[in-house]
Number of protein chains: 2
Amino acid sequence: MTRMGEVEWLSDREQRVWRSLLRAQAGIETELDRDLRRTGGLTLVEYGILVALSESPGRRMRMRRLAEEVLVSKSRLTHQISRLESAGHVRREPCEDDRRGFWAVLTDQGAETLEHAAPGHVAAVRGRVFDRLSPAQVDALGELMAILEIDDPATLPGPSGT
Amino acid sequence: MTRMGEVEWLSDREQRVWRSLLRAQAGIETELDRDLRRTGGLTLVEYGILVALSESPGRRMRMRRLAEEVLVSKSRLTHQISRLESAGHVRREPCEDDRRGFWAVLTDQGAETLEHAAPGHVAAVRGRVFDRLSPAQVDALGELMAILEIDDPATLPGPSGT
DNA sequence: GGAATGTAGTTGAAAATTGAACCGTTGTTC
DNA sequence: GAACAACGGTTCAATTTTCAACTACATTCC
């Protein structure tokens, strides 16, 4: 079907699906971000960082790990944490057993901010996504996103898998 | 179910789906952007702009309309177009019948750049999305994204609709 | 026709992001 | 144990994005 040098174009159907996907993506992100910023005083990424920390043992996480968790570059995380630090939401602590490393630690104030922001954000997520879907559709969405979130196409089951 | 002042939290299932969604979103965007930048010398947004123009009659579009089409702010579009203009991909033309307005016009060079970038990008989209899904799954994805791309929850059919 | 109001698009400065270069530490290899 | 690669994290400069004015034209309404 696909020959060397030839590229199989997207079908009309795929084209439409792809554009819907892009629009849905953009819409969800910008709306939730705007909402969260307004009601909770946080960015979507900042929120993600605080959540990750709050769920981690000792409310702390190494920078590298945290960067992977929230899917941002090392550099960006450094800046992000600096801002959160000067806002009092996070504190940096040197790592005992690896003197290159630092812990990003959620402060009480940060936890408070998070708890304050969470209900509104959850409501927004519901309104933007889950309230629109039947349970079956949520399942379908979960299945699809599980496939699409994987970076490496090699480790995949599925139609092209066998 | 939902009482005043109370917020219904996400179920475990929803939580997992939500995180998958976020990761899939981020993964798709950053990977396709990186790829497109490397092989085509364009940003995902720039690509979107050129595509929109190429498909519009006269290869041109008013700024406002274009901004809506590619889902960026007016301001950002101005800058974006300025860059594309100084790269020779786009040209601005004053609008005859509305002297406030401008056309963003795709140049031949821009069209060429686009055509050169497209195959690689399409291949990347395939690899990142469609090759991983069965036709039935593509249909399901399309249905879901069609629901989620809509901004205004009011104009919705669906489970909460009646 | 003229005052008010809305719309198209730009500007400019502040803030955020990127990417490469960098520093100090850790791990590995011989 | 010395040399060297790899890692964790920051820094700096360049680029991009954002947000709030702002200009100029268009539209409305009396």
What are the 5'-most and 3'-most nucleotides of DNA chain C lying under 4.0 Å from any heavy atom of chain A?
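Span of nucleotides near chain A: C:dA16 to C:dT26.
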Non-hydrogen atoms of [X] and [Y] that approach each other most closely:
X	Y	value
A:Ile81	A:Ala104	CD1-CB, 4.1 Å
A:Met145	B:Ala24	SD-CB, 3.8 Å
B:Ile147	A:Arg132	O-NH1, 3.1 Å

Side chains of B:Arg19 and A:Glu149, heavy atoms from C-beta outward: is any pair under 4.5 Å?
no
Contact class for B:Arg34 vs. all strands (heavy atom < 4.0 Å): base, sugar-phosphate, or nothing?
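It contacts nothing in the nucleic acid.
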Touch class at under 4.0 angstrom, heavy-atom based, for B:Arg83 against every strand present
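Base, at least one base atom sits under 4.0 Å.
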Considering heavy-atom distances to DNA chain C, does A:Lys74 or A:Asp98 have its closest nucleotide positioned more toward the 5' end?
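Residue closer to the 5' terminus by nearest nucleotide: A:Lys74.
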Taking for each residue the nucleotide of DNA chain C with the nearest heavy atom, is it A:Asp97 or B:Thr78 whose nucleotide lies nearer the 5' end?
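In this pair, the answer is B:Thr78.
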Using a 3.5 Å cut-off and no angle test, enumerate the donor-acceptor pairs between side-chain atoms of residues 39-54 of chain A and protein atoms at least two apart in sequence or in another chain.
unit_1	atom_1	unit_2	atom_2	d
A:Thr39	OG1	A:Asp35	O	3.2
A:Glu46	OE1	A:Thr43	N	2.8
A:Ser54	OG	A:Val51	O	2.8

Transitive ILVMFWY cluster of B:Val105, excluding itself - 4.5 Å side-chain cut-off
B:Trp103
Does A:Arg100 contact D:dC7 through a side-chain donor or acceptor facing the base, at a distance under 3.5 Å?
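Pair found.
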Taking OP1 and OP2 of D:dG9, is either one under 4.0 Å from a side-chain nitrogen or oxygen of A:Arg62?
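Answer is yes, contact under 4.0 Å.
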